[in-house]
Amino acid sequence: MILYGLPVSTYTAKVRLALCWRGIAFEEREPPGGYRSLAWQDVVPMGTIPAIDDQGFLLAESEAILEYLEERFSDRPLLPQGPQRRAQVRLLARMHDLHVEPKVRALFPLLRQPQERDQLPQLKAALLEKIAGLARTARPGPYLAGPEPTLADCGFAVTLPLAERVLNTLGSPLKLPGVFQPWLAALAADRIAQRALSSWSSATDAWLKAVQPQ
Ligand SMILES: N[C@@H](CCC(=O)N[C@@H](CS)C(=O)NCC(=O)O)C(=O)O
């Protein structure tokens with residue numbers, strides 16, 4: 001199994017975490033030519049990372065990858081049993097991709113362009129609204145959908161710490177709702193998660209340092 005991605009990429013970290021939680025051996029490579037290159041678009045038409053190569057089968061889009069891994073390695077599930085519990089996990093995973101992560105990404109331009117920082121209160125409020133929606137939907141126990149990690153945790157384990165770091169850098173710290181505290185503690189104590197996210201964590205710190213205007 002090859003994982004194509006970059007250390008600083010949120011969605012690469014999401015898939016890396018799923019691979020590590022499942023105990024799947026993989027090799028990590030940067031996309032040939034860079035992820036915005038024409039060479040990479042020949043491989044992944046949308047030009048995004050991550051993608052995986054499983055013995056010649058190439059697949060992009062993190063959620064499609066996670067669902068593929070679920071079927072391919074069915075002995076190590078990250079979806080619970082029962083249609084309703086599985087649907088709840090998928091709902092949370094889509095809340096990550098469609099609602100919460102885009103509001104974190106919307107903060108990125110403010111890092112580089114101080115003149116845009118008057119938009120911070122509005123952008124932060126929009127993010128907080130989505131996080132409040134997540135808090136009302138998730139049932140941390142301590143993972144977002146119960147006692148074990150699921151597909152729902154893979155994106156949020158990257159994006160919520162990223163939101164905290166970005167807002168810290170912007171001088172407006174994020175206070176996550178209390179319902180997430182047991183989840184954050186479980187992740188901090190989860191050695192697989194910590195190992196899986198360590199390259200993302202240091203690349204993100206370096207990126208946040210580098211994008212600060214001089
Ligand atoms: N929906 C995609 C999103 C992936 C994504 O946005 N990846 C970023 C890096 S974290 C990227 O490739 N951005 C470049 C672009 O969109 O052109 C997925 O889940 O894989």
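Whatever order the structure lists them in is the order used to number ligands and atoms, beginning at 1.
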*Just let me know how Met46 lines up against ligand 1, side chain, backbone, both or neither, with a heavy-atom cut-off below 4.0 Å.*
neither

*Should the proximity of Arg105 to ligand 1, defined as any heavy atom under 4.0 Å, be assigned to the side chain, the backbone, both, or neither?*
side chain

When you measure from the side chain of [X] to the backbone of [Y], do you find a donor-acceptor pair of N or O atoms at a distance under 3.5 Å?
X: Asp153; Y: Thr150; result: yes
X: Glu116; Y: Pro109; result: no
X: Arg117; Y: Leu111; result: yes

Give yes or no for whether the N/O distance cutoff of 3.5 Å, strictly under, is met between [X] and ligand 1.
X: Glu63; answer: no
X: Glu61; answer: yes
X: Ile49; answer: yes

May I ask you to list the atoms of ligand 1 that are less than 4.0 angstrom from any heavy atom of [X]?
X: Thr48; answer: 12 (O), 16 (O)
X: Pro50; answer: 20 (O)
X: Thr10; answer: 10 (S)

For [atom], what is the nearest protein heavy atom, given as residue, atom name and distance?
atom: atom 17 (O) of ligand 1; value: Arg36 NE, 3.6 Å
atom: atom 10 (S) of ligand 1; value: Ser9 OG, 3.1 Å
atom: atom 20 (O) of ligand 1; value: Ser62 N, 2.9 Å
atom: atom 13 (N) of ligand 1; value: Tyr35 CE1, 3.5 Å

_Taking the side chain as everything from C-beta on, heavy atoms only, tell me whether Ile52 gets closer than 4.5 Å to Phe26._
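The answer is no, as the side chains (C-beta and beyond) never meet within the 4.5 Å cut-off.
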
*Show which residues join Ile2 in its hydrophobic cluster (side-chain heavy-atom contacts under 4.5 Å, direct or indirect), or state none.*
Tyr4, Leu6, Tyr35, Trp40, Val43, Val44, Ile49, Leu58

*Is the distance between the ring centroids of Tyr68 and Phe57 less than 6.0 Å?*
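Yes, the ring centres sit under 6.0 Å apart.
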
*Which residues share a ring-ring contact (aromatic ring centres under 6.0 Å, His included) with Phe108, sequence neighbours left out*: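 Checked Phe108 against ring-ring contact (aromatic ring centres under 6.0 Å, His included); matches are Trp207.
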
_Test side chain to side chain contact (heavy atoms under 4.5 Å, CB included) applied to Lys124 and Ser172, step by step_ = CA-CA 9 Å; Lys124 185 178 176 184; Ser172 178; 2.9 Å; yes

